[in-house]
Amino acid sequence: MDRYLVFGHPVRHSKSPFIHTLFARQTQQELEYGLAEPAVDEFAQALRTFFDQGGKGCNVTVPFKEQAFTLVDRLSLRAKRAGAVNTIKLTDDGVLLGDNTDGAGLVADLKSHGVTLADSRILLLGAGGAARGALAPLLAELPSELVIANRTHTKAQQLAAEFHDLGPVTAQAYEQLAGPFDLVINSTSASLQGELPPLTPALIHTDIAIYDMMYGASDTAFISWAKQHGARQIMDGLGMLVEQAAEAFTVWRGIRPGTKQVLRELKRNLGVI
């Protein structure tokens, strides 16, 4: 039976085995999917051993995505742009292909919620790995402008300059942000710790869409803040998790699983419905 894993540290909380088991059942694919939690300095050896022992593919999560980028034989274009790998496939000719499905998962989830990206004005909070992975897929949807805001403004400026060839992306300091924005995406993990980016509530209007890449059994601090100030369309990152997994499954198996029922099952499993 074909074997797949998710590598992370820690990774025991991962929902990937649950998701991919449902995908396999739905598409009648014979595979098994497990967890691997090597020490941080043992990831490279663990990855090699997995594929040497017949592994077909894997997901990679924190803190190994950037390291995986350096360990594969070939990179997809979106992995090159993201500077990180979250999906690895052993190809038929024995090559380890590194891909990044995070941004595609984000865009797919936004569209599933009816969010219009073309000609929209998007505010992206954060300038770390999650933001980097999202930029190319978001810009491919042809927004009118994509603004990056980050606590370290120079990092946002560097990121905007790096992706400027793909579309109208700029960097603005938090205190200079001026609406209206059609969509605000929080790519930081700060709200899980109860922290918020220094945004003015004046940016929130009734027609704005709010998206937090983080998720939990209860609202993140960012989502709670957006609700408090009157935002109506609010989404967390659980759908993104399922959609990026579906993209990875497609890379591995060449068949696209449906995500709606799997997302419902995952919400039930987490106790959020």
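Contact between Gly98 and Ala79 at its shortest, heavy atoms only, is O-CB, 3.6 Å. In plain terms, the two heavy atoms of Gly128 and Lys155 that are nearest each other are CA-NZ, 4.2 Å. When all heavy atoms are compared, the tightest approach of Leu47 to Cys58 is CD1-SG, 3.7 Å. A pairwise comparison of heavy atoms in Pro143 and Pro168 identifies O-CG, 3.6 Å as the closest pair. Looking at every heavy atom in both residues, Lys267 comes nearest to Leu238 through CG-CD2, 3.6 Å. The two residues Lys15 and Asn269 have their closest heavy-atom pair at NZ-OD1, 3.3 Å.
Asp182 and Ser120 form no side-chain donor-acceptor contact under 3.5 Å, judged by distance and modelled atom types alone. Between the side chains of Glu243 and Ser112, not a single donor N or O lies within less than 3.5 Å of an accepting N or O. Glu66 and Thr70 are not linked by any side-chain donor-acceptor pair at a separation below 3.5 angstrom, with hydrogens and angles left out of the test. For Gln244 and Thr101, the side-chain atoms include at least one donor-acceptor pair closer than 3.5 Å. Using a 3.5 Å distance cut-off with no hydrogens or angles, the side chains of Gln158 and Glu162 do not pair a donor with an acceptor. For the residue pair Asp109/Tyr211, the side-chain donor-acceptor check at 3.5 Å is satisfied. Side-chain contact of Asp212 with Thr220: a donor-acceptor pair under 3.5 Å is present, judged by distance alone.
Under the 4.5 Å side-chain heavy-atom criterion for grouping Ile, Leu, Val, Met, Phe, Trp and Tyr, Ile208 is connected to Leu177 within one hydrophobic cluster.
The side-chain heavy atoms of Leu96 and Leu71, taken from C-beta on, include no pair separated by under 4.5 Å. Using a 4.5 Å cut-off on side-chain heavy atoms (C-beta onward), Val242 and Ile19 make contact. Between Tyr174 and Leu199 the shortest side-chain heavy-atom distance falls below 4.5 Å. Residues Asn59 and Phe7 are not in side-chain contact: their nearest non-hydrogen atoms beyond the backbone lie 4.5 Å or more apart. Contact of the Leu203 side chain with the His229 side chain is not registered, since no non-hydrogen atoms from C-beta on lie closer than 4.5 Å. When side chains are defined from C-beta on, Ile148 counts as touching Val169, because their heavy atoms get closer than 4.5 Å. Taking 4.5 Å as the limit, some side-chain heavy atom of Val6 sits within range of a side-chain heavy atom of Leu35. Phe249 has its side chain within reach of Gln29: a pair of non-hydrogen atoms, C-beta onward, lies under 4.5 Å apart.
Between Arg232 and Asp207 there is no salt bridge, since no side-chain nitrogen of the basic residue lies less than 4.0 Å from a carboxylate oxygen of the acidic one. Comment: Arg78 does not engage Asp102 in a salt bridge, judged by the lack of any side-chain N to carboxylate O separation of less than 4.0 angstrom. Taking the charged nitrogens against the carboxylate oxygens, Lys227 and Asp219 do have a contact shorter than 4.0 Å, which makes a salt bridge. Checked for salt-bridge contact, Asp165 and Arg81 meet the test: a charged N lies under 4.0 Å from a carboxylate O.
Checking Leu125, Leu123, Leu138 one by one against Ile185, the side chain to side chain contact (heavy atoms under 4.5 Å, CB included) holds for a single residue, Leu138.
Taking the six-membered ring where tryptophan is involved, the planes of His20 and Phe23 are perpendicular, since the angle between them exceeds 60° and thus also 30°.
Here Gln233 contributes atom CD and Leu183 contributes atom CG; the two are 8.5 Å apart, rounded to the nearest 0.5 Å. Of the inter-residue distances, the one linking Ile204 atom CD1 with Trp225 atom CH2 reads 4.0 Å to the nearest 0.5 angstrom. A distance of 5.0 Å separates CZ in Arg132 from CZ in Phe163, rounded to the nearest 0.5 Å.
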Next item on the list: Would you check, one step at a time, whether the test side-chain contact (heavy atoms from CB on, under 4.5 Å) holds for Lys65 with Val85?
Entry: CA-CA 5 Å; Lys65 291 183 182 183; Val85 161; 5.9 Å; no

Item checked: Intermediate values then yes/no, side-chain contact (heavy atoms from CB on, under 4.5 Å), Trp252 and Thr87 -> CA-CA 9 Å; Trp252 294 329; Thr87 300; 3.6 Å; yes

Note to self: One pair to check against side-chain contact (heavy atoms from CB on, under 4.5 Å): Gln261 and Gln26. What are the steps and the verdict?
What the structure shows: CA-CA 10 Å; Gln261 180 60 35; Gln26 175 197 122; 5.5 Å; no

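In this structure, Arg3 fails the cation-pi test against Phe50, since its NZ or CZ atom is not both closer than 6.0 Å to the six-membered ring centre and inside 45 degrees of the ring normal.
Checking side-chain atoms of Asp2 against main-chain N and O of Leu31 turns up no donor-acceptor pair under 3.5 Å.
Aromatic pair Tyr33/Tyr4: centroids not less than 6.0 angstrom apart. Checked against the 6.0 Å centroid threshold, Phe64 and Phe43 count as a close aromatic pair.
For CG of Asp93, the number of neighbouring non-hydrogen atoms (other residues, nucleotides, ligands) closer than 6.0 Å is greater than 12. Counting heavy atoms of neighbouring residues, nucleotides and ligands inside a 6.0 Å radius, atom CD of Gln193 exceeds 12 of them.
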